[in-house]
Protein chains: 2
Amino acid sequence: MDTTQRTEQQRSADRRRRELLEAADRVVLRDGPQASMNAIAAEAGITKPILYRHFGDKGGLYAALATRHTDALLNSLRDALDAPAERRERVEATLDTYLAAIEARPQVYRFLMHPAEGSTGPDQGFDVGKHSAPLLRRMGEELAQVIEERLDLGPGSQQLARVWGHGIVGMMHAAGDWWLGERPCTRAELVKSLADLLWGRLAAAGDKVGGPGF
Amino acid sequence: MDTTQRTEQQRSADRRRRELLEAADRVVLRDGPQASMNAIAAEAGITKPILYRHFGDKGGLYAALATRHTDALLNSLRDALDAPAERRERVEATLDTYLAAIEARPQVYRFLMHPAEGSTGPDQGFDVGKHSAPLLRRMGEELAQVIEERLDLGPGSQQLARVWGHGIVGMMHAAGDWWLGERPCTRAELVKSLADLLWGRLAAAGDKVGGPGF
DNA sequence: CATAATGTGTTACTAGCGGTAACCCGAGTC
DNA sequence: GACTCGGGTTACCGCTAGTAACACATTATG
């Protein structure tokens with residue numbers, strides 16, 4: 001039988017794969033999104049073609065790497081979302097979890113968010129770009145699912161939940177990106193401000209006296 | 001005096017610059033964000049070094065191109081924001097303006113949003129990336145300014161307005177990006193859903209019966 | 001035991017990118 | 001006529017993603 005042999009090889013391949021991913025992780029953490037295949041191969045102590053045998057192309061490597069971090073982050077977010085507390089507290093916890101993650105490892109974050117899909121190569125249409133739902137989309141869909149599962153939104157709830165999921169994720173992302181660059185306030189303040197926004201303070205705010213209103 | 005001569009040259013240079021930008025526009029509209037300097041030069045009927053003499057590097061060309069479209073879009077948004085109507089209507093008009101813009105010219109939109117900053121070149125740290133506030137930031141700042149000018153937000157209003165500005169822009173962007181890819185509903189529906197989100201319907205919604213609440 | 005096959009790795013290459021140095025040529029000027 | 005000078009080109013550099021072809025070890029098989 002070659003099944004045992006195949007599993008043996010499979011295991012070995014998986015181990016190598018994990019080693020390569022860890023090396024890639026280190027390089028990305030050091031060099032950011034511009035990490036080149038050469039650099040990653042060098043860090044792993046091997047040469048490029050091996051990387052390509054394992055991951056197909058840069059998109060494949062990106063996908064594998066992204067899936068890892070994405071899964072980890074999504075798990076954290078789910079935990080925050082599932083904590084036993086008031087809705088507002090949960091929202092704040094989720095926002096804070098996300099912001100803490102991007103604060104702790106900005107290089108990884110930038111790699112995930114700005115996958116440098118420019119791909120100087122001649123193959124742009126091939127399978128790069130479609131590799132794995134680029135984190136933002138996945139987060140949006142996940143959040144949409146949670147919203148749709150737990151909130152009573154009346155008719156058209158599914159569509160509404162999806163719009164909100166992507167919208168909220170986008171809000172979180174853009175604000176986080178800006179905050180990470182300028183650090184204009186503490187994380188807690190940012191969380192509170194965003195939660196206030198989601199709680200309708202924009203609609204509730206009064207016009208400034210003398211102004212034409214907004 | 002050489003002032004007349006200089007203005008003469010200046011005018012000529014400006015004309016060329018505009019021609020080049022229009023050529024670049026055409027290429028970007030056709031090829032998307034991967035438009036190469038070679039392709040742009042070819043479209044303009046000239047060769048690369050001229051482009052580099054005019055714009056410094058790819059970042060400079062991007063900046064010039066982006067500034068153009070960004071200014072146009074920002075003007076449209078300001079108009080929508082300044083229309084004489086209720087706040088809710090203004091917000092909806094602004095959202096709709098943005099979404100209509102990205103719907104009308106998705107290639108340009110993708111070029112502006114995902115500048116392909118990967119920049120395979122060896123110069124990543126030089127001045128690329130810092131060129132011009134990448135649209136999202138500019139929109140965020142503009143919106144923040146409008147919010148801060150017109151709304152009475154109490155203490156810390158400036159910070160709050162900036163967080164909201166970037167957050168709302170991010171929401172609009174992410175939802176728009178997703179919508180543009182999947183087209184799950186009409187533009188009007190999307191606008192209404194987003195406005196509802198901003199109006200606090202998330203906080204106001206009831207828990208789904210039987211569920212643990214959100 | 002020799003030989004074929006198979007996985008694992010390398011070197012050396014292609015094609016295309018952003019960016020630049022060096023040259024080239026026509027138009028004015030002394 | 002020599003001379004600068006702005007606008008243009010060719011030919012190149014160093015880098016990238018990706019690949020073809022070759023080399024070595026191990027293992028299965030005659």
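In the text below, chain A, chain B and the rest are named by the order of the sequence lines, each starting its count at 1.
For the pair R15(A) CZ and dG7(C) C1', the interatomic distance rounds to 15 Å; values are reported in whole Å. Between Q34(A) atom CD and dA17(D) atom C1' there is a gap of 16 Å when expressed in whole angstrom units. The distance between atom CG of N38(B) and atom C1' of dC12(D), rounded to the nearest whole Å, is 13 Å. Straight-line distance from the CG atom of L61(B) to the C1' atom of dC17(C): 15 Å, rounded to whole Å. The interatomic distance linking D57(A) (CG) with dA15(C) (P) rounds to 20 Å, in whole Å. Going from atom NZ of K58(B) over to atom P of dG19(C) covers 8 Å, rounded to whole Å.
Around CD of E22(A), the count of heavy atoms belonging to other residues, nucleotides or ligands within 6.0 Å exceeds 12. Surrounding CD of Q158(A) are at most 12 heavy atoms belonging to other residues, nucleotides or ligands under 6.0 Å away.
Contact check for D177(A) versus Y109(A): side-chain heavy atoms found under the 4.5 Å cut-off. Two residues are said to be in side-chain contact when any heavy atoms from C-beta on lie closer than 4.5 Å; I147(B) and I168(B) meet this criterion.
Taking the charged nitrogens against the carboxylate oxygens, R78(B) and D71(B) have no contact shorter than 4.0 Å, which rules out a salt bridge. Checked for salt-bridge contact, D14(A) and R18(A) miss the test: no charged N lies under 4.0 Å from a carboxylate O.
Taking a 4.0 Å limit (strictly below) on heavy-atom distances, residues 43-56 of chain B reaches DNA chain C at K48(B), P49(B), Y52(B). DNA chain C lies under 4.0 Å from no heavy atom of any residue of residues 19-27 of chain B.
With sequence neighbours excluded, no residue forms a side-chain hydrogen bond (donor to acceptor under 3.5 Å, both in side chains) with S36(B). Qualifying ring pair (Phe, Tyr, Trp, His ring centres under 6.0 Å) partners for W178(A), counting only residues two or more places apart in sequence or in other chains: H166(B). Among residues two or more places apart in sequence or in another chain, the side-chain hydrogen bond (donor to acceptor under 3.5 Å, both in side chains) test is passed with E43(A) by R26(A), R30(A).
Between R17(B) and H54(B), the shortest heavy-atom contact is NH1-O, 3.6 Å.
At least one cation-pi condition fails for R162(A) and W164(A): the charged atom is not both under 6.0 angstrom from the six-membered ring centre and inside a 45 degree cone around its axis.
Taking the C1' atoms of five terminal pairs at each end of the helix from dC1(C)-dG30(D) to dC30(C)-dG1(D), the two resulting helix axes are inclined by 40°, rounded to 10°.
Here R16(A) does not reach the OP1 or OP2 of dG7(C): none of its side-chain N or O atoms lies under 4.0 Å away.
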